[in-house]
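Accompanying notes for the structure given below.
Whatever order the structure lists them in is the order used to number ligands and atoms, beginning at 1.
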Amino acid sequence: MNVVLRYAIRGATATEVAASVEEAVRTGALPTGARLPPVRALAAQLGLSAATVASAYRGLRLRGLASGAGRRGTRITARPPLLAARLAPPDSGLRDVAEGNPDPRLLPPRGPHRARLGAAAVLYGAPAALAELLRLASRDLGRDGIPVGHLAVMGGAMDGIERVLQSHLRPGDAVAVEDPGYPAVLDLVGALGLVPRPVALDDSGPLPEDLDRALRAGAQAFIFTPRAQNPTGAAVDAPRARQLRDVLDRHPHALVIEDDHAGPVAGVSARTVCGDGRDRWAVVRSVSKSLGPDLRVAMLAGDAGTVARVRGRQAVGAGWVSHILQGLVAALWSDPSCKERFQRAATAYAERRRRLIGALAAHGVTGSGRSGLNVWIPVREEAATVAHLAARGWAVRAGERYRMKSAPAIRITISTLTARETDGLAADVAESQRGVGRTSAA
Ligand SMILES: Cc1ncc(COP(=O)(O)O)c(C=O)c1O
């Protein structure tokens with residue numbers, strides 16, 4: 001986006017210049033993606049040295065407010081870590097297959113368990129993790145081959161990922177990430193001042209040669225989604241897990257973070273490339289897709305050093321994840337009907353994915369989605385496709401926010417997509433591609 005800057009950046013020092021830019025982002029005067037003036041131009045305008053403005057821009061980059069430099073220019077990032085003034089989007093009235101949420105009807109009811117929680121007061125000094133939750137997590141993660149000698153309870157997968165990154169990396173460090181990948185991870189990497197390095201994927205997960213290239217080029221960490229990859233639905237199978245482990249064995253000091261955000265409803269078994277023998281690793285398994293995102297609970301397994309850092313840092317900040325939430329997760333996990341519900345949800349999502357992919361194929365369109373809640377559909381032009389589908393009553397996600405170097409696509413969340421809706425949606429997607437073809441040929 002080449003936004004013309006109407007906002008006058010002010011300041012006599014690097015700190016003041018950076019503060020002026022931050023204020024403009026906060027008030028909405030500088031929109032996301034806006035290009036900042038070249039260093040020399042702004043320096044001349046403000047009567048400052050180029051070094052002062054460069055220092056202000058560097059500070060903004062390290063805080064994830066700006067990205068890029070040099071001839072490509074410095075821009076405000078897509079989602080700066082700052083509560084910016086945003087207009088609430090009007091209710092579009094469209095059928096929303098964009099949001100990436102689980103189907104609320106497939107989440108286990110909490111009522112019967114909730115009534116029993118919070119009876120005994122938990123005070124300062126209590127252990128951070130509920131013993132029963134640790135026991136159940138050890139059983140589940142251990143069954144999937146993940147070493148469970150060191151565990152912690154996090155406030156969701158993203159909380160775990162952030163804490164692990166912060167415990168090992170410093171601003172400026174490079175991190176290998178999936179491309180396409182989950183925008184919140186890309187935003188978090190930027191917000192921590194880290195530099196993302198794209199690793200391409202196929203249906204079986206990250207490509208080993210791409211990972212090797214990123215690590216050889218200096219990436220210190222690798223974040224990936226072993227199943228229910230968002231947006232493509234990729235899932236690491238046994239051969240790919242072996243290949244990835246071979247690559248990682250050549251980079252024994254690289255930090256590896258597995259984001260198992262969908263857990264038992266992903267629709268495929270868990271695979272891990274982590275374990276004893278790796279220096280620095282963490283597997284984060286969230287309950288967001290199986291029990292509901294509002295629980296904000298994820299289990300983190302890792303090597304002794306990583307878990308000690310994460311728990312130590314948590315202790316001096318938030319302290320712990322509320323035992324009310326931990327108790328609710330433990331109660332749901334020990335309810336046998338919950339396991340059946342996970343299975344039912346995984347089967348329902350698999351059926352909805354297959355149905356949409358099949359309907360698209362019948363219309364000559366390719367979609368991918370081996371696991372998880374989404375189907376990823378390569379398209380020629382994202383904006384035109386999204387607009388076409390909106391005109392047909394569908395809200396879908398443009399792939400732009402998920403991509404670095406990978407090709408244009410849209411994401412459709414299948415979690416609540418009914419059989420009756422599927423064929424119409426597939427036909428509309430197919431029509432959108434014919435429309436796009438005609439438009440661009442004209
Ligand atoms: C890949 C991925 N990671 C993490 C999350 C968020 O997980 P949590 O709610 O546990 O932070 C999502 C949510 O959709 C996701 O798609």
| Within the side chain of Arg240, is there an N or O that forms a donor-acceptor pair under 3.5 Å with the backbone of Pro206? | yes
| field | Side-chain ion pair, Arg434 and Glu431, N-O less than 4.0 Å | value | no
| said: Could you check whether Asp173 pairs with Arg170 (Lys NZ or Arg NE/NH1/NH2 to Asp/Glu carboxylate O, under 4.0 Å)? | reply: no
| Nearest protein heavy atom with distance in Å, relative to atom 1 (C) of ligand 1 | Asp259 OD2, 3.3 Å
| What atoms in ligand 1 come closer than 4.0 Å to a heavy atom of Ser288? | 8 (P), 9 (O), 10 (O)
| Nearest non-hydrogen protein atom, atom 16 (O) of ligand 1 | Asn230 ND2, 2.8 Å
| field | Contact partition for Met158 relative to ligand 1, non-hydrogen atoms under 4.0 Å | value | both
| task | Show the numbers, then the answer: is there a side-chain hydrogen bond (donor to acceptor under 3.5 Å, both in side chains) between Gln220 and His168? | result | CA-CA 9 Å; Gln220 320 241 1; His168 286 298; over 6 Å; no
| said: Among all the protein's non-hydrogen atoms, which is closest to atom 7 (O) of ligand 1, and how far away is it? | reply: Ala157 CB, 3.6 Å
| query | Is the shortest side-chain N to carboxylate O distance from Arg403 to Glu382 below 4.0 Å? | reply | yes
| Those atoms of ligand 1 less than 4.0 Å from some heavy atom in Ser286 | 8 (P), 10 (O)
| task | Consider ligand 1: state whether an atom of it lies below 4.0 angstrom from any non-hydrogen atom of Lys289. | result | yes
| said: Could you go through Thr225 and Glu178, starting from their C-alpha distance and side-chain angles, then the distance that decides it, and tell me whether this counts as side-chain hydrogen bond (donor to acceptor under 3.5 Å, both in side chains)? | reply: CA-CA 8 Å; Thr225 321; Glu178 296 165 320; 2.8 Å; yes
| request: Please report which non-hydrogen protein atom sits nearest to atom 5 (C) of ligand 1, along with the residue it belongs to and the distance in Å to one decimal place. | output: Tyr182 CE2, 3.3 Å
| query | Side chains of Gln166 and Arg163: do they bring a donor and an acceptor to under 3.5 Å? | reply | no
| N/O separation below 3.5 Å, Thr225 to ligand 1 | no
